[in-house]
Amino acid sequence: MNKKMWIIICLLTLLMGGIIIYKHLKNNYENTELKLHVFNAGKADSMLLYNDNFSVLIDTGEEELGNTIVNYLNDLGIEKLDYLIITHFDKDHVGGANKVINNIEIGSILQSNYPKESKVYDKYLEAIKNNNVKVVTVVKDISFSFGDIKFVVNGPDEEEYSEKPSNNSSLITKVYYKDNSLLFMGDAENLRISEFLSENNETFDFLKVPYHGHYQEKLEELIKRISPKYALITSSDKEIEDESTLEVLNKYNVKTYLTRKGTIDVVFDGTTIEVSQ
């Protein structure tokens, strides 16, 4: 075999090896599921989106939930969160963040633009500093993907809202996986919901109902516009969701799950949705 032929064979071998590796990595992303775990955090938010290739945590509940989140991640073998999304700085959304940041590697934190001073907020800032975590304040849409799974995190239009500035500064997260789509509204109230409605005409299969199921004037317009099949409300036995909210969801035939009845797990395969509680 001459030298030229040997070089050609080597190049073809490298090319075929590269194609095999690419297909393997591509299949690892495509032939998978998107999983959602909703912690039973009472009237507080914490939701983990993950599969074998990535993990994203939206909010961290109150301070005592921090250890629960860390233990759950450890049980799953998750040593790193690619993103931690803090929708806003109320204690029932950022409370457990310091425990998570101090115990789990974080790729990046995406946070609201409206700080709210409190002890848990101070602990959050201290944990970020001690662990040298990258933080991005979301003022315009930020998108990122893991294979076929795409996230779009939408920031508030205003620096400070005239009404309920903390809740109305909530980040809104959209997630797309083939034919499945999810919408997480944080604690958005009427001003922020109106903003969202003015900018979005999409429908979503799965909705995290804003602000723990408290009824709002813009809620029915939101439900009618996005046409969800499933909805999630984070509430507690002490602070239950409003009956008016449930009536609106029922009016539009939305299957609704309440965290006050236990943890919720959802599996999206790109076409179907399987919910268990």
J.: Quick one: side chain to side chain donor-acceptor pair (under 3.5 Å) pairs with a partner in residues 209-222, sequence neighbours left out?
T.: D92-H212, D187-H212, H212-T234, K218-E221, E220-K251, E220-Y252

J.: To the nearest 0.5 angstrom, please state how far the CG atom of L57 sits from the CD1 atom of I109.
T.: 10.5 Å

J.: For N154 and L171, run side chain to side chain contact (heavy atoms under 4.5 Å, CB included): C-alpha distance rounded to whole Å, both residues' side-chain angles, the deciding distance at 0.1 Å, then the answer.
T.: CA-CA 6 Å; N154 171 259; L171 301 184; over 6 Å; no

J.: Working to the nearest 0.5 Å, report the span between CD1 of I149 and CG of L49.
T.: 8.5 Å

J.: Considering residues at least two apart in sequence or located in another chain, which fulfil the side chain to side chain donor-acceptor pair (under 3.5 Å) criterion with N130?
T.: none

J.: Taking R225's backbone N and O only, do any of them form a donor-acceptor pair with E202's side chain (distance below 3.5 Å, no angle check)?
T.: no

J.: Measure the OH-CG distance between Y50 and L73 for me, rounded to the nearest 0.5 Å.
T.: 9.5 Å

J.: Could you pull out all residues at least two apart from K91 that satisfy salt bridge (charged side-chain N to carboxylate O under 4.0 Å, His left out)?
T.: none

J.: Checking E158 against R192 for the salt bridge (charged side-chain N to carboxylate O under 4.0 Å, His left out) test, could you report, in this order, the C-alpha distance in whole Å, the side-chain angles of both residues, the deciding distance, and whether it holds?
T.: CA-CA 9 Å; E158 305 292 333; R192 186 79 170 100; over 6 Å; no

J.: Just jot down the side chain to side chain donor-acceptor pair (under 3.5 Å) partners of N200, sequence neighbours excluded, or say none.
T.: K174

J.: Give a yes or no on whether a salt bridge exists between R260 and E241, defined as a side-chain N under 4.0 angstrom from a carboxylate O.
T.: yes

J.: Can a donor-acceptor pair be found between the side chains of T137 and N113 at a distance below 3.5 Å?
T.: no

J.: As an exercise, state the distance from OG1 of T173 to CG of L183, rounded to the nearest 0.5 Å.
T.: 8.5 Å

J.: Please tell me whether T272 and D269 have a donor and an acceptor in their side chains that are separated by less than 3.5 angstrom.
T.: yes

J.: Any pair with a residue in residues 61-87 that passes ring pair (Phe, Tyr, Trp, His ring centres under 6.0 Å), sequence neighbours left out, goes on the list, sorted by first then second residue, please.
T.: H37-Y72, F39-Y72, Y83-F144

J.: Please indicate whether E79 has more than 12 foreign heavy atoms, meaning atoms of other residues, nucleotides or ligands, lying under 6.0 Å from its CD.
T.: no

J.: Donor-acceptor pair, N131 side chain versus V133 backbone, under 3.5 Å?
T.: no

J.: I58 and L110: same hydrophobic cluster, using ILVMFWY side-chain contacts below 4.5 Å?
T.: yes

J.: Is the backbone N or O of E195 less than 3.5 Å from a side-chain atom of D157, with the two atoms forming a donor-acceptor pair by type?
T.: no

J.: May I ask you to decide if G96's main-chain N or O and T60's side chain share a donor-acceptor pair within less than 3.5 Å?
T.: yes

J.: Is the ring centre of F54 less than 6.0 Å from the ring centre of F151?
T.: yes

J.: Can you spot which of L232, V248, L249 makes a side-chain contact (heavy atoms from CB on, under 4.5 Å) with V209?
T.: L249

J.: If a pair satisfies ring pair (Phe, Tyr, Trp, His ring centres under 6.0 Å) and one of its residues is in residues 101-131, list it, with sequence neighbours excluded.
T.: F89-Y121, F89-Y124

J.: Compute whether any side-chain donor of one residue and acceptor of the other, for N167 and E189, lie under 3.5 angstrom apart.
T.: yes

J.: Quick one: does any side-chain atom of T259 pair with a main-chain N or O of N40 as donor and acceptor, under 3.5 Å?
T.: no

J.: Starting at CG of N103, measure out to CG of N67 and round the result to the nearest 0.5 Å.
T.: 7.5 Å

J.: Assess the side chains of D90 and S166: does a donor N or O sit below 3.5 Å from an acceptor N or O?
T.: yes

J.: For D141, is there any backbone N or O sitting under 3.5 Å from a side-chain donor or acceptor partner on S143?
T.: no

J.: Mark yes or no for whether D45, through its side chain, and H93, through its backbone, hold a donor-acceptor pair below 3.5 Å.
T.: no

J.: Going by the angle between their ring planes, with limits at 30° and 60°, are F268 and F206 parallel, tilted or perpendicular?
T.: perpendicular

J.: Would you check, one step at a time, whether the test salt bridge (charged side-chain N to carboxylate O under 4.0 Å, His left out) holds for E63 with K123?
T.: CA-CA 10 Å; E63 191 166 11; K123 290 180 180 180; 2.6 Å; yes

J.: Looking at N74 and V70, would you say the former's side chain and the latter's main chain have a donor-acceptor pair under 3.5 Å?
T.: yes

J.: Examine distances only and state if a side-chain atom of S236 and a backbone atom of G42 form a donor-acceptor pair shorter than 3.5 Å.
T.: no

J.: Under 3.5 Å, side chain of S169 to main-chain N/O of E159, donor-acceptor pair present?
T.: no

J.: Taking atom CD1 of I264 and atom CG of L258, what is their separation to the nearest 0.5 Å?
T.: 7.0 Å

